[in-house]
Novice: 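Here it is, the structure, as structure tokens.
Note on naming: letters A, B, ... go to the chains in the order of the sequence lines (proteins, then strands), and numbering restarts at 1 for each one.
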Amino acid sequence: MSKPFYITTTLPYVNSIPHIGFATEIIRADSIARWKRASGFEVFSNTGTDEHGLKIFQKAKEAGIEPQVYVDQVASKFKELLPILGISPEVNFIRTTDKHHTKAAQTFWQLVDKNGFIYKKNYSVKYCIGCELEKTESELVEGKCPLHPLQSLEIINEENYFFRFSAFQEQLLDLYDKSSSSSVNNSTESSRQPFVIPESRQREIRAFVERGLDDFSISRLKSKMPWGIPVPEDEEQVMYVWFDALVNYVSAVGWPDDVVADKAMPGSFKKWCVETGGMVQYCGKDNLRQQSAMWQAMLLAAGLPTSKTVIVDGFVTADGGVKMSKSLGNTVDPVALVKEFGTDAMRYYCLHELHPFEDSPCTVERFKDAYNANLANGLGNLVSRVMKMAETSGITIADKLKTYEDSLKSGKFIVSAILSTEYMAGLEEYNLKKSMDAIWSIIAVSDKLIQVKQPFKLVKSEDDKDKADGKSCIETLLNNIHTIGVALQPFMPTTAQMILECIYNNKMPATPLFLRK
RNA sequence: CGCGGGGUAGAGCAGCGGUAGCUCGUCAGGCUCAUAACCUGAAGAUCGCCGGUUCGAUUCCGGCCCCCGCAACCA
């Protein structure tokens, strides 16, 4: 019986069109999902859109349309992005305006309330008339709004619901301290992993929780901001967007229907959130608190199992680590990159050129350099030169690949021993760059081998021994690119397929895999 | 003393107690199977600054300077 595995991205907030950070996150999550699927796991992978809250309400107002119309438009942009990035079609796409999610969020609220972790409190906010916005202390400069320093701030008192976040300090610390174990494929060897990856982020959140937690507001007055899920049994309040959005990770797998009434998706919550050992979440570093502390506390408050792992990405920046922003005009549009370089090139860049956990830059220039060096000159060129030799000399390994293919079908994702250790370790640690590095090291070794042994000469030799050497060298090279093709499957599925087909048909690619730009 | 990350060749990064490594770029040579691709070699770094520990520090400790995030509505 196949084991279940659940991985999710953070739902991007639809106040703007998809950016490269989200593309990176979902490409990584998809690569993990594909690898798990190839390894015989039954995989639920989740993404979607976070659609409530003040910013969206305002955006819709600006555009002069209903919020629902606005979010429908933007959500479809996100949905359209998935095939462009080569995300497997099995991915679940949840919208926080979906009916069943709305209902789940309300049930979640009631459950947390019933367990005594929600209370009502007077909440005073500073409001800048100039901006028409509430201001937090951190936004103020010397107690005044930096944009409107001459106007004084209005203090508004309103009643909000609060979540008893402070009650979960100890449980959160326990969660961080207990390490989850992950087994390497079917072997018994297991490695210890922090709850938050990388460990530096775990230290960061741990330190934050250790300092003490403040309860936070989880509702807004409907009269001021109606675009949210209604708080159960209170006409005047809607949920704060985070409280609602985070619930998607459980509503996506059918909670609470399968638990409460056992009808819509019977047992699915148990399967994906319990039997898996918990969900694996990807998020950006700005989401560290929400995902690894607030959400975990909410789950605990509702009596539900916590996540298994939270993987924290860095940001994609412009040159020199400068933040990308529309006003600086230094953003990079993932759709435009795919259009120019192709889906797998985009996946390649996100997986191999960007740092797996820290900030790293992406510009069109860098993208092009990496593309030419590693895809056109590296991978693509190697496949061409090896296949050309194999084709013209009639040397093939296709007939020897049958057993291997059979084992793939039985859900064993096996890569050749020359690559196994590093490659597998990278996947286990969610350090996909490490796995990609391992693949690219085979490319380098193979190019060198061709240079040193010159099999293209040997196979034409009159000498039988030279001829045999040449043949065996070409077979080695074919095995190498076969290994590369297999190993690339989770990362660059289309390219992987093309490489394998070349080998099976013993034909060099009709057109280069990656044309030089 | 709010929290965290970082400062290593032109660029992007790795190393973390004992001849300073990788990728891209630059220059020179080689090869011709390949997408003017590939291979080899060279140039290029007082490892942010100052002290300390040590036989020995880029690596450990202390101080300082500079960048960059976060600070409870941005992946």
Novice: For A:F208, which contact category applies under a 4.0 Å heavy-atom criterion: base, sugar-phosphate, or nothing?
Specialist: base

Novice: When you measure from the side-chain N and O atoms of A:N287 to the phosphate of B:rA75, is any distance below 4.0 Å, counting only OP1 and OP2?
Specialist: yes

Novice: Would you indicate what A:N381 reaches in the nucleic acid, counting non-hydrogen atoms under 4.0 angstrom: base, sugar-phosphate, or nothing?
Specialist: base

Novice: Quick one: is A:Q290 getting a side-chain N or O under 4.0 Å of the B:rC74 phosphate, OP1 or OP2?
Specialist: yes

Novice: Of the options B:rA72, B:rC33, B:rU35, whose atoms approach the side-chain atoms of A:Q451 most closely?
Specialist: B:rC33

Novice: When we call it a touch if two heavy atoms are under 4.0 Å apart, what does A:L382 touch: a base, just sugar-phosphate, or nothing?
Specialist: nothing

Novice: Phosphate oxygens OP1/OP2 of B:rU32: is one of them under 4.0 Å from a side-chain N or O of A:K388?
Specialist: no

Novice: State whether A:K460 places a side-chain N or O below 4.0 Å from either non-bridging phosphate oxygen (OP1 or OP2) of B:rC33.
Specialist: yes

Novice: When you measure from the side chain of A:R385, which nucleotide among B:rU40, B:rC33, B:rG12 comes out closest?
Specialist: B:rC33

Novice: Under 4.0 Å between any heavy atoms, over every strand shown, what does A:H355 touch: base, sugar-phosphate, or nothing? Just pick one.
Specialist: sugar-phosphate

Novice: Counting heavy atoms from C-beta on, name the nucleotide in B:rC24, B:rA37, B:rC33 closest to the side chain of A:D369.
Specialist: B:rC24

Novice: With sugar-phosphate meaning primed atoms plus P, OP1 and OP2, does A:G380 contact a base, only sugar-phosphate, or nothing at under 4.0 Å between heavy atoms?
Specialist: base

Novice: Could you tell me how far B:rG6 sits from B:rC60 if I compare only their P atoms? Round to whole Å.
Specialist: 11 Å

Novice: For nucleotides B:rC70 and B:rU26, find the distance between their P atoms and express it as a whole number of Å.
Specialist: 36 Å

Novice: A:H352 side chain N/O closer than 4.0 Å to the phosphate oxygens (OP1, OP2) of B:rU23?
Specialist: no

Novice: With A:N248 as reference, evaluate A:T47, A:N46, A:T8 under the side-chain hydrogen bond (donor to acceptor under 3.5 Å, both in side chains) test and give the passing residue.
Specialist: A:N46

Novice: Honestly, is A:K368 close enough over A:F341, meaning NZ or CZ under 6.0 Å from the six-membered ring centre and within 45° of the axis?
Specialist: no

Novice: OP1 or OP2 of B:rA75 sitting under 4.0 Å from any side-chain N/O of A:K285?
Specialist: no

Novice: It should be established whether A:R516 places a side-chain nitrogen or oxygen under 4.0 Å from OP1 or OP2 of nucleotide B:rA37.
Specialist: yes

Novice: Where each residue is assigned the nucleotide of RNA chain B containing its nearest heavy atom, which of A:F165 and A:L379 is assigned the position nearer the 5′ end?
Specialist: A:L379

Novice: Using a 4.0 Å heavy-atom cut-off across all strands, classify A:W242 as base, sugar-phosphate, or nothing.
Specialist: sugar-phosphate

Novice: Using a heavy-atom cut-off of 4.0 Å across all strands, would you classify A:V383 as base, sugar-phosphate, or nothing?
Specialist: nothing

Novice: Consider side-chain hydrogen bond (donor to acceptor under 3.5 Å, both in side chains). Of A:E428, A:H352, A:E429, which one does A:K434 pass it with?
Specialist: A:E429

Novice: Using atom P in both nucleotides, what's the gap between B:rA11 and B:rG25 to the nearest angstrom?
Specialist: 16 Å

Novice: Can you tell me the base-pairing partner of B:rA11? Count Watson-Crick or G-U wobble geometry only, both distances below 3.5 Å, and say none if there is no partner.
Specialist: B:rU23

Novice: Just to be sure I understand the rule, does A:G21 reach a base, reach only the sugar-phosphate, or reach nothing, if contact means heavy atoms closer than 4.0 Å?
Specialist: base

Novice: Determine the contact category for A:A373: base if any of its heavy atoms lies under 4.0 Å from a base atom, sugar-phosphate if only primed atoms, P, OP1 or OP2 are that close, otherwise nothing.
Specialist: sugar-phosphate

Novice: Would you measure the distance from the C1' atom in B:rG21 across to the matching atom in B:rU58 and give it in whole Å?
Specialist: 12 Å

Novice: Tell me whether the guanidinium CZ or amine NZ of A:R28 lies under 6.0 angstrom from the six-membered ring centre of A:Y282 and within 45° of its axis.
Specialist: no

Novice: Report which part of the nucleic acid A:Q454 touches: base, sugar-phosphate, or nothing (heavy-atom distance under 4.0 Å, all strands).
Specialist: sugar-phosphate

